[in-house]
Amino acid sequence: MAIKFNPQKLNNNAKASFDIFAQKVTRSIKKKEDINLSAFSNELHTLGDVFEKQNNKDGMNKASKNFAQQLVGLKENNLAGIVYSFLIKFNQGNNKLVKELATNALAIAKRFHDPVHIMARTRNLADIYHQTEPGSPNHLKILYEEKRAIRDVIKNYDKLGERHKTVKTGLKPVENYEQMLSMVLVSIAKIIKKTNPKQAIEELTLAKDIMAKHEKGNISYQIDRLLSELTDNIKKK
């Protein structure tokens, strides 16, 4: 599927161009035609640029959210995930809206049992909670959800690699997810180190085991420092 935009028409009526784009995508899905995910994403971003230049981000948000819901109804979770990923980037800095978008997208990803998109959306929400209510029960809960999703991705990496040939490069190397998991474990340990030091040590020990096969870096130094701090505190009691 490839959508050819006329720049003059696109600038004159971005909403009509978006509707044409959505209709062509929907028609391709119903005909069971292959959709180039990179082209799909690029065209979505092109439309977003035009709406933004026309100072009409609300129009792009409304059209894209409706489109994402249509894609979910067609069981095209991968395409819906791309739309939500775009919307989250498009609205970066608007924490209230990004939180709403990521929460909706997370519910959809859970419905489809999709650990890759669960991982992405929990990361978005964890970033927001880190900014707005760091260390809160909400922050801790979403970190545990992110932990589970990343572990699922690592465990089923080969199978998911075939399922998620996403926008340009597909899944990153598994080592990236191992390091991401270690960072999440460190974040959890930092939050619970005073209220539940033994559990914090368990999280850090798991992170240390994961990082043992990687070169020492900032994550490893944080793990060692926190483990030393916690074990010293326990010995003093």
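Since this is a predicted model, take the numbers as computed values, not measurements.
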TODO: For the pair Asp19 and Lys15, find out whether any cationic side-chain nitrogen is under 4.0 Å from an anionic carboxylate oxygen.
DONE: yes
Open item on the list: Would you say Met180 ends up clustered with Ile188 if hydrophobic residues are merged whenever their side chains have heavy atoms under 4.5 Å apart, either directly or through other cluster members?
Closed with: yes
Open item on the list: Ignoring hydrogens, what is the shortest heavy-atom contact between Leu230 and Pro197? Give both atom names and the distance.
Closed with: CD2-CB, 3.9 Å
- [ ] Could you grab the distance from atom OG of Ser85 to atom CG of Asn124, nearest 0.5 Å is fine?
- [x] 7.0 Å
Task: Glu100 with Lys65: basic N within carboxylate O range, under 4.0 Å - done: yes
- [ ] Nearest 0.5 Å please: distance from the CG atom of Leu74 over to the CG atom of Leu79.
- [x] 9.5 Å
TODO: Indicate yes or no: at least one non-hydrogen side-chain atom of Phe40 is less than 4.5 angstrom from one of Phe86.
DONE: no
- [ ] Indicate yes or no: does Asp127 engage Arg123 in a salt bridge with an N to O separation below 4.0 Å.
- [x] yes
Open item on the list: Check the orientation of Tyr177 and Tyr157. Use parallel for under 30°, tilted for 30 to 60°, and perpendicular for over 60°.
Closed with: tilted
TODO: Mind listing the closest non-hydrogen atom pair of Asn138 and Glu133 along with its distance?
DONE: ND2-OE1, 3.3 Å
Task: Lys57 to Phe51 six-membered ring, cation-pi geometry met (6.0 Å, 45°) - done: no
Task: Expected output: side-chain Asn91 to main-chain Asn94 donor-acceptor under 3.5 Å - done: no
Open item on the list: For the backbone of Ser38 and the side chain of Ser41, can you confirm whether one donor and one acceptor N or O come within less than 3.5 Å of each other?
Closed with: no
TODO: Identify the two heavy atoms, one from Glu146 and one from Ala126, that lie closest to each other, and give their separation to 0.1 Å.
DONE: OE1-CB, 4.0 Å
Open item on the list: Check for me, please, whether Ile118 and Leu87 land in the same ILVMFWY cluster - side-chain distances under 4.5 Å, paths through other members count.
Closed with: no
Task: Side-chain donor/acceptor of Ser228 to backbone N/O of Asp224, under 3.5 Å - done: no
- [ ] Evaluate the criterion side-chain contact (heavy atoms from CB on, under 4.5 Å) for residue pair Tyr144 and Lys141; output intermediate values, then yes/no.
- [x] CA-CA 5 Å; Tyr144 274 119; Lys141 180 183 175 185; 6.0 Å; no
Open item on the list: Quick check: closest heavy atoms across Ile219 and Gln179, and the distance to 0.1 Å?
Closed with: CD1-O, 3.9 Å
TODO: Evaluate the side-chain proximity of Ser187 to His139: yes if any heavy-atom separation is below 4.5 Å, no if none is.
DONE: no
TODO: Measure the shortest side-chain to side-chain distance between Leu204 and Leu185 over non-hydrogen atoms and say whether it is less than 4.5 angstrom.
DONE: no
Open item on the list: Less than 4.5 Å apart, side chain to side chain, heavy atoms only: is that true for Pro115 and Leu160?
Closed with: yes
TODO: Assess the side chains of His45 and Asn42: does a donor N or O sit below 3.5 Å from an acceptor N or O?
DONE: no
- [ ] Would you indicate whether the side-chain heavy atoms of Ile29 and Leu71 approach each other to under 4.5 Å?
- [x] yes
Open item on the list: Less than 4.5 Å apart, side chain to side chain, heavy atoms only: is that true for Met119 and Asp152?
Closed with: no
Open item on the list: Check for me, please, whether Met60 and Val98 land in the same ILVMFWY cluster - side-chain distances under 4.5 Å, paths through other members count.
Closed with: yes
Open item on the list: Measuring only between side-chain heavy atoms, which start at C-beta, is Lys99 closer than 4.5 Å to Tyr129?
Closed with: yes
TODO: Report the distance from atom CZ of Phe18 to atom NZ of Lys62, rounding to the nearest 0.5 Å.
DONE: 12.5 Å
Task: Intermediate values then yes/no, side-chain contact (heavy atoms from CB on, under 4.5 Å), Asn218 and Gln222 - done: CA-CA 6 Å; Asn218 183 50; Gln222 285 190 63; 3.0 Å; yes
Task: Exercise: identify the closest heavy-atom pair between Ala68 and Ala80 - done: O-CB, 3.9 Å
Task: Salt bridge Arg27-Glu33, side-chain N to carboxylate O under 4.0 Å - done: no
TODO: Any chance you could lay out the side-chain contact (heavy atoms from CB on, under 4.5 Å) test for Arg151 and Arg148, step after step, and finish with the verdict?
DONE: CA-CA 5 Å; Arg151 292 182 82 167; Arg148 286 193 294 273; 5.8 Å; no
Open item on the list: side-chain contact (heavy atoms from CB on, under 4.5 Å), that's the test. Do Leu106 and Ile142 meet it? Break it down for me.
Closed with: CA-CA 11 Å; Leu106 178 58; Ile142 208 70; 4.1 Å; yes
TODO: Calculate, to the nearest 0.5 Å, the distance between atoms CG and OH belonging to Asn104 and Tyr84 respectively.
DONE: 5.0 Å
Task: Where Lys193 and Ala200 come nearest, the two heavy atoms and their spacing - done: CA-CB, 3.9 Å
TODO: Give the cluster check for Leu125 versus Val184: same hydrophobic cluster or not, with ILVMFWY residues linked at side-chain heavy-atom distances below 4.5 Å.
DONE: no
Open item on the list: Would you compute the distance between atom NE2 of His117 and atom OG1 of Thr122 and round it to the nearest 0.5 angstrom?
Closed with: 12.0 Å
Open item on the list: When you compare the side chain of Ile88 with that of Leu97, does any pair of heavy atoms fall below 4.5 Å?
Closed with: no
Task: Any side-chain donor near an acceptor of the partner, Glu175 and His214, under 3.5 Å - done: no
Open item on the list: Would you compute the distance between atom CD1 of Ile150 and atom NZ of Lys155 and round it to the nearest 0.5 angstrom?
Closed with: 15.5 Å
Task: Glu145 bridged to Lys110 by N-O distance under 4.0 Å - done: yes
Open item on the list: Is there a path of hydrophobic side-chain contacts, each under 4.5 Å between heavy atoms of I/L/V/M/F/W/Y residues, joining Leu226 to Ile201?
Closed with: yes
